[in-house]
There are 2 protein chains.
Amino acid sequence: MVSATQSAVSSAKVMQPSSLSADSVLNFARGDPTMYRAYWEKLGDRCTVVISGKDLMSYFSDAGNLCWFLMPELDRAIRRLHRAVGNAEVGEDQFIVVGTGSTQLFQAALYALTHTDQPDDEALPTSVVAAAPFYSSYPEETDFQRSKLYKWAGDAYSYEGEGPYIEVVTSPNNPDGAIREAVVNREGGKLIHDLAYYWPQYTPITRKADHDIMLFTFSKATGHAGTRIGWAVVKDKEIAMKMVKFMELSSIGVSRESQLRAAKILEVISEDCLNPEPNKVVNFFEYGQVIMSERWEKLREAVKASGAFSLPKYTQNFCIFTGKDTDSNPAFAWVKSKEGLNCDNLLREHKIVTRGGKNFGVCPSYTRISMLSPDEEFNLFVERLAAIKGSTTTNGSTY
Amino acid sequence: MVSATQSAVSSAKVMQPSSLSADSVLNFARGDPTMYRAYWEKLGDRCTVVISGKDLMSYFSDAGNLCWFLMPELDRAIRRLHRAVGNAEVGEDQFIVVGTGSTQLFQAALYALTHTDQPDDEALPTSVVAAAPFYSSYPEETDFQRSKLYKWAGDAYSYEGEGPYIEVVTSPNNPDGAIREAVVNREGGKLIHDLAYYWPQYTPITRKADHDIMLFTFSKATGHAGTRIGWAVVKDKEIAMKMVKFMELSSIGVSRESQLRAAKILEVISEDCLNPEPNKVVNFFEYGQVIMSERWEKLREAVKASGAFSLPKYTQNFCIFTGKDTDSNPAFAWVKSKEGLNCDNLLREHKIVTRGGKNFGVCPSYTRISMLSPDEEFNLFVERLAAIKGSTTTNGSTY
């Protein structure tokens, strides 16, 4: 089986943004958030970090802190940003654990919720579920090490297991942008809230999220995917300590260069949100909201022009960050073939690579399309999409 | 149980390098290589990296490469350094896989050597062994996820299992600095060579290492532990691909900021090794060798003055890097109590925190002491050590 990444990699070889043509394969399978680059370019050297050869040498960032590898400036920047945006409760009694992206923290949370010092070899692994359509990487991230602690158990809607379980609640959801709550709600259940997309450019911020374990990632918040910084906001001290232990055993902490840079960039965003000045560019989230909203408008026009596809409907909500009613503009479009065709295959025929519904636990008439590609690619994509005319363009036999 | 790190952390709170006194607790349990800082300070801005807000945004570093998250400049810098030092064979047909420290790569190697697409639920996990004394973190790093793929099976010398196994060969060895070869040598065995300390400051470079999987880490090579960069040199393409897959599932690649900085620093070292100039400071490895040699001399004097301890003996060897006979100056001292006392406890009574023999699979009359602490701490340590006078200073009843 060719994985989503492998196909992303091989297609990336084919496609050079500077040389897009009618023949170019467009890769929209992974959510590589490179479209935000233009914003950071505008900011010039305001976010520049300078690191000399003698800096950041020790393993330790803050030896007195529970999370001993977390840099204090990043801890402060994260808390300040959440307060500026209003998207998460981060009180003094909540712990921040930093990770190599939220991917590593997801696994740290599974470990923390299931590990005991006196393991029972007869005990069954804890079931891990998420409501379909769920993020396509959860099953493999849960199972690849074949742990006796936890095991992927599929769609939360159809979960019938007994005993302890973990439900991952992704809100807004990847792939479909839906606002989610836990669906199993049974005794013995523990929750991990993946809030990677709970930022104003993607969705109205309606309240301060306040859950036991909340995961965020720098990649989706600001577009800096290569930095590999994620963070967890954790209420329970024992759970936070176990997550730190996981990070220690898995990679002895997290790159300090990345932490330094993330701290700098998050501080600049907070500063611009809290102290806007007429001469400054708009703050990052306002910028992101405008871009995402324009893209969704173009996408809806293309879908209408085509007639072969449908998109989810989102309701407007009052956003406490912007202070007005705003639309959802998710980071992915969850596109459905109206005729029930294999939507991923259909788009591949038009040289658009996406990630098909089966990866997300649903039928192949759905597919996920990244909305975060560079402008030139996005524009070519909507052009091609608009030109696909339902069953007249395909006999369906290849699906 | 208080782990080595927890005690390192709590002691680090107590001990402030700027305020060392007769009462200060000295923490030598972890090999935090901060003593190299003075060298990098001397180099001024030659190793400085400047990263602007718009840089390094994508997940992808080199989409066409097998290791798609490895930056090409780091790949080149690693190969050039190994050629300059002569410590490892890194041909065009060998693959470099970058990791968040060699810790993550060790786990990637275990996964790559044991994972199959059609898992047999009845199959026993592959045994992982290393000759005692072995690196104290191998057992926990192998077992913490309770994988069905592999399981720690202890000392390679006493391994009696049948079927496939993995032997980790650490050379020079952590904790005792010994030059090692595989000891099990049975059919079905696979090897991981951990060569973290195979650099000229620690040991004479006697030949180009040329093994299936070789692990190196920036932490021990240059002292930049906070950067969390390690690399594997891998011969087999399938194994390299599986290690890349592990990195993808575990953290979607490796910090690009760290990679950029590691590339810069490794290039400067190679440049100084290959093109020495009279005005330049000596190259990093020569500097390291002088410092380490001075420290070992001081340590031997202290051990002699004390009379309560013994140290391993190392033979001189011809080093192809320096072109002369050189001594081994390991990153850790593997100290034994001559009277068979619990050496870690004995030293703790004198406010010296070390890592006791039991962590390394041997008896508690041994303990491991980091040789990489800052000067001030090291000097106070040898002073205290010299003053410990065998059984006259202790009645042994506390051990």
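These numbers come from a predicted model, not from an experiment.
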Chain A heavy atoms under 4.5 Å from Asp117(B): which part of the residue, side chain, backbone, both or neither? neither
What part of Thr34(B) gets within 4.5 angstrom of chain A, counting heavy atoms only: side chain, backbone, both, or neither? side chain
Can you say whether His115(B) sits under 4.5 Å from chain A via the side chain, the backbone, both, or neither, judging by heavy atoms? side chain
Region of Val254(B) that comes under 4.5 Å of a non-hydrogen atom in chain A: backbone
Heavy-atom cut-off 4.5 Å, strictly under: side chain, backbone, both or neither for Glu41(B) against chain A? both
Which bit of Tyr150(B) comes within less than 4.5 Å of chain A, counting heavy atoms only: side chain, backbone, both or neither? side chain
Checking heavy atoms, do the side chain of Ser219(B), its backbone, both or neither come under 4.5 Å from chain A? side chain
Taking side chain as everything from C-beta outward and backbone as N, CA, C, O, which of these in Tyr39(A) sits under 4.5 Å from a heavy atom of chain B? Side chain, backbone, both or neither. neither
Which bit of Phe144(B) is near chain A, if near means a heavy-atom gap under 4.5 Å: side chain, backbone, both or neither? both
Answer with side chain, backbone, both or neither: which region of Arg261(B) has an atom nearer than 4.5 Å to a non-hydrogen atom of chain A? side chain
Heavy-atom proximity to chain A below 4.5 Å, by part of Leu43(B): neither
Residue Phe69(B) versus chain A: region with a heavy atom under 4.5 Å: neither
